[in-house]
Each structure stands twice: as C-alpha cells, then as structure tokens.
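First the structure, in the form of structure tokens, and then the observations on it.
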Amino acid sequence: MREDFGFKPHDVFINIAVLSFDLSVYELMSFGAIGATLLLNSKTVSENPDLLMDRVQKYNGTIWVSTPSFSFIYSRIDEVSRLDSIRYFLFCGELLPHSLAKVLVEKFPKAIVYNTYGPTEATVATTMIEIDADILDKHPILPVGRSKPRSRILIDQDEIVIVGKNVSLGYLNRPDLNAEKFITIDGERAFKTGDQGYLEDDILFFKGRNDDQVKLHGFRIELNEITSVLNDLSFVLQGETIPLKRNGEVKKIVSLIQLKTGVDESKDWKAEILEGLNSKLPYYMIPSDFKFIDKMPLNQNGKADKKMLEQLYLAKS
Ligand code: AMP
C-alpha cells in the first residue's frame with residue numbers, strides 16, 4: 001500500500017467498510033505504516049451520506065475506499081464540493097460502472113480514481129489501475145488493472161489465478177477446499193479465484209464469477225454483462241440481474257432496478273430499459289422481467305445482496 005499508491009503522512013483514510021470485510025484492511029493496516037490518519041466511522045455514519053459527507057468535510061478526508069455500490073454520488077451530484085478534500089477514490093469488490101467512474105473523473109479533477117481487484121484469499125487487492133479519461137474512452141467495460149509488483153495473474157481456461165506471496169496459506173480446517181482452490185505454480189503459492197477474466201496487454205478484465213454464469217435455453221449468459229449495461233443507462237442508479245431457479249435449473253433471469261432520484265416517475269421506464277438493453281445485448285440475454293425497487297439491498301460488505309433481491313422480486317410478483 002505504501003509503495004503502490006503514493007499515499008503521504010498527511011493523508012486521511014476514510015474508513016467505510018465494516019471491520020469484518022477485508023476491504024477495511026486497506027485503511028486499517030496502511031494508515032499506521034504510512035504515519036497517516038485514520039477516520040473511523042460507525043455503521044450509522046457510513047450508511048448515511050449526509051453524516052458521512054459531514055465527517056469527511058470536517059476532518060478533511062483524503063482517501064476514499066469503498067465498493068462501488070456504496071457510491072451515492074450520482075444522486076448527490078450537486079453536493080460534491082463537500083467531498084473536495086478527497087485525493088484518491090479506491091474501489092474494490094464489485095464491478096466499477098463506467099458511468100460512475102466517469103462522473104468522478106469529471107467532478108473531482110484533483111483526485112485519482114483507482115479500480116482495484118482481488119479476493120480476501122489473496123490479501124485484499126492484487127491488481128490496480130488508474131481510471132483516467134483515456135481509459136474511460138478506450139474501455140466501455142472498465143479493466144481491473146495490472147498485478148502489483150510482487151504477484152502475478154494467470155488465466156487458466158478463463159479462470160483468474162493469482163500467484164505470489166500475497167496468496168493466503170489456506171482456509172482453516174478445510175483441507176477439502178484447500179485442495180481444490182490452493183495450488184502451487186513454479187514453487188509459488190497460487191489461488192484459483194473462481195472469477196472469470198482475460199488479459200489484454202497485461203491488463204486484467206473481470207468477466208464475472210464462475211457462478212455468475214448461468215445457462216438458459218442452452219445459452220451461456222454472464223449476468224454481470226447485463227448488469228453492466230443496466231448500470232450505464234443514464235436514468236439507472238443501480239441495477240442487478242439474478243437467476244430464478246427451480247430444482248436447481250435456471251428458469252428465467254430478472255433485473256431489479258433502482259432509478260436515479262428525480263427521474264420522471266410517470267415515464268415508461270421498462271420500455272426505455274428494454275430499448276437500452278436491446279441495443280447492446282443479444283436477444284437471449286434480455287431479462288424476462290424488471291422490477292423497480294426504492295433502495296438496493298446491500299450485504300454487510302456493501303455489495304448487492306442477491307438473496308435479498310430474490311426475495312424482493314418474489315414479493316413484488
Ligand atoms: P471478497 O473476498 O469478499 O473481497 O470478494 C472478492 C470477490 O469480489 C472477487 O473474487 C471478485 O469476484 C469480486 N471483485 C473484487 N474486486 C472486483 C472488481 N474491481 N471488479 C469486479 N469484481 C470484483
């Protein structure tokens with residue numbers, strides 16, 4: 001952390017992730033090593049944009065670390081000056097929507113936006129990339145970056161494998177899982193992430209989790225790809241796509257969508273969404289139903305809670 005980002009002793013890390021989420025290691029371990037300041041926030045504060053922005057402003061927070069779901073920024077775009085002290089935005093843990101990164105790059109010209117990627121088993125984040133205007137221009141789906149100097153990324157039959165000392169020794173008391181997920185490559189520890197990806201000029205792109213891929217009517221569908229297109233629609237705050245299964249078999253895929261605040265409620269948003277998806281995706285990837293929700297349910301770690309989404313969908317059907 002000390003070497004990768006150029007943080008300085010005068011930096012103030014803004015803690016947002018709960019301490020049981022490995023993302024919090026970013027700030028909890030780094031601030032001391034750098035001699036910087038840590039702004040700890042209670043769950044009540046970090047879940048309330050107003051309270052959080054107040055604290056960032058009061059204590060001149062400079063380093064924002066969170067999952068992208070956490071970004072309420074679209075709906076508070078008029079208030080970004082309250083976050084003017086921020087010099088770095090670090091995202092990790094979920095797909096970073098192109099539209100969110102674009103807003104941040106435009107609205108915070110003094111700050112650097114990073115997308116970082118990695119699982120807990122390889123010590124928080126293994127790859128990183130600065131998202132600037134050039135990357136935004138080149139990549140409609142943002143890359144997750146290059147591996148940091150002391151580790152390597154390999155792709156084995158589409159699966160992302162992480163090699164290096166940052167890979168954990170294994171799960172406690174789970175020899176079965178360890179045998180399946182932890183391997184040795186050229187004498188080094190390696191972890192099979194269960195994520196799918198590809199490398200382009202040494203830059204890693206994330207395609208989704210192995211289990212995010214579903215088979216419907218014989219077609220292999222990456223749910224993440226649908227979610228990416230949804231999230232880039234100008235009126236969508238956040239969308240998620242989930243499979244509905246019966247007897248273990250996917251019967252249909254549906255999307256749940258939180259619209260941006262202030263959009264005209266009377267408009268036929270379903271039709272707009274269909275038009276947006278149809279222009280970018282093949283017909284078999286179009287979800288068979290859409291439901292609108294007031295607030296995206298997030299799990300403890302600030303990621304979209306898929307189980308809760310399924311319940312919400314069923315309750316609204
Ligand atoms: P966790 O161990 O809870 O931090 O979750 C790690 C998982 O989150 C990874 O294996 C990926 O599936 C996902 N993930 C992490 N970073 C990113 C990213 N930048 N973009 C997309 N997915 C990510």
Side-chain angles (χ1 to χ4, degrees), residues 4-5 16-29 64-71 88-101 104 112-131 135-136 139-148 151 153-156 158-163 166-168 170-172 174 177 180-182 190-200 203-213 222-232 238-241 298-307:
D4 294 340
F5 296 94
I16 297 168
V18 289
L19 305 191
S20 53
F21 181 19
D22 69 320
L23 190 57
S24 65
V25 169
Y26 251 157
E27 62 267 12
L28 292 184
M29 295 296 140
W64 173 284
V65 184
S66 79
T67 60
S69 311
F70 223 102
S71 271
Y88 297 93
F89 287 93
L90 262 70
F91 292 107
C92 191
E94 271 188 329
L95 207 75
L96 174 61
H98 188 279
S99 51
L100 171 61
L104 292 177
I112 301 178
V113 177
Y114 282 108
N115 193 13
T116 71
Y117 156 87
T120 308
E121 291 86 339
T123 323
V124 195
T126 301
T127 68
M128 57 185 276
I129 188 161
E130 180 183 336
I131 306 293
I135 295 278
L136 284 168
H139 303 290
I141 294 198
L142 294 175
V144 295
R146 296 186 181 81
S147 62
K148 295 192 194 176
S151 59
I153 295 284
L154 305 176
I155 303 290
D156 180 20
D158 283 348
E159 184 176 13
I160 303 173
V161 178
I162 301 174
V163 189
N166 58 327
V167 170
S168 139
Y171 303 113
L172 188 63
R174 291 298 307 270
L177 256 189
E180 189 189 316
K181 307 283 284 180
F182 291 89
F191 176 63
K192 295 164 74 176
T193 59
D195 290 328
Q196 298 207 327
Y198 57 95
L199 289 164
E200 233 178 65
I203 299 182
L204 181 67
F205 288 78
F206 173 86
K207 280 207 310 189
R209 292 208 44 88
N210 281 349
D211 46 19
D212 263 352
Q213 189 187 72
E222 294 286 349
L223 298 176
N224 237 355
E225 281 181 34
I226 306 172
T227 298
S228 281
V229 177
L230 279 175
N231 283 338
D232 280 337
Q238 196 181 347
E240 283 292 336
T241 304
L298 302 180
N299 65 21
Q300 275 277 67
N301 295 350
K303 301 190 186 189
D305 186 332
K306 304 266 168 85
K307 283 202 187 100

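Whatever order the structure lists them in is the order used to number ligands and atoms, beginning at 1. What you see below is based on every heavy atom in this structure, not just the backbone, and it leaves out hydrogens, waters and symmetry mates.
The residue among Asn299, Asn224, Asp195, Leu204 with a heavy atom at the shortest distance from atom 11 (C) of ligand 1 is Asp195.
The NZ atom of Lys192 sits 7.0 Å away from atom CD of Glu180, with the distance rounded to the nearest 0.5 Å. Atom CD of Gln196 is separated from atom CD of Glu159 by 8.0 Å, given to the nearest 0.5 angstrom.
Residue Asn115 places a heavy atom under 4.0 Å from ligand 1. The shortest heavy-atom distance from Gly118 to ligand 1 is under 4.0 Å.
Looking at ligand 1, you won't find any N or O of Tyr117 less than 3.5 Å from one of its N or O atoms. Considering both main-chain and side-chain atoms, Asn301 never comes within under 3.5 Å of ligand 1 through any nitrogen or oxygen pair. Backbone and side-chain nitrogen or oxygen atoms of Thr193 are examined, and none is located within less than 3.5 angstrom of a nitrogen or oxygen of ligand 1. Residue Gly93 places at least one N or O, backbone or side chain, under 3.5 Å from an N or O of ligand 1.
Checking each of Asp158, Leu95, Asp195, Asn224 against Lys207 for a side chain to side chain contact (heavy atoms under 4.5 Å, CB included) leaves exactly one that passes, namely Asp158. Each of Tyr26, Phe5, Phe91 was scored for a ring-ring contact (aromatic ring centres under 6.0 Å, His included) with Tyr114, with one residue passing: Phe5.
Between Ser168 and Phe182, the closest heavy-atom pair is O-CE2, 3.4 Å. Taking every heavy atom of both residues into account, Thr116 and Cys92 meet most closely at OG1-CB, 3.1 Å.
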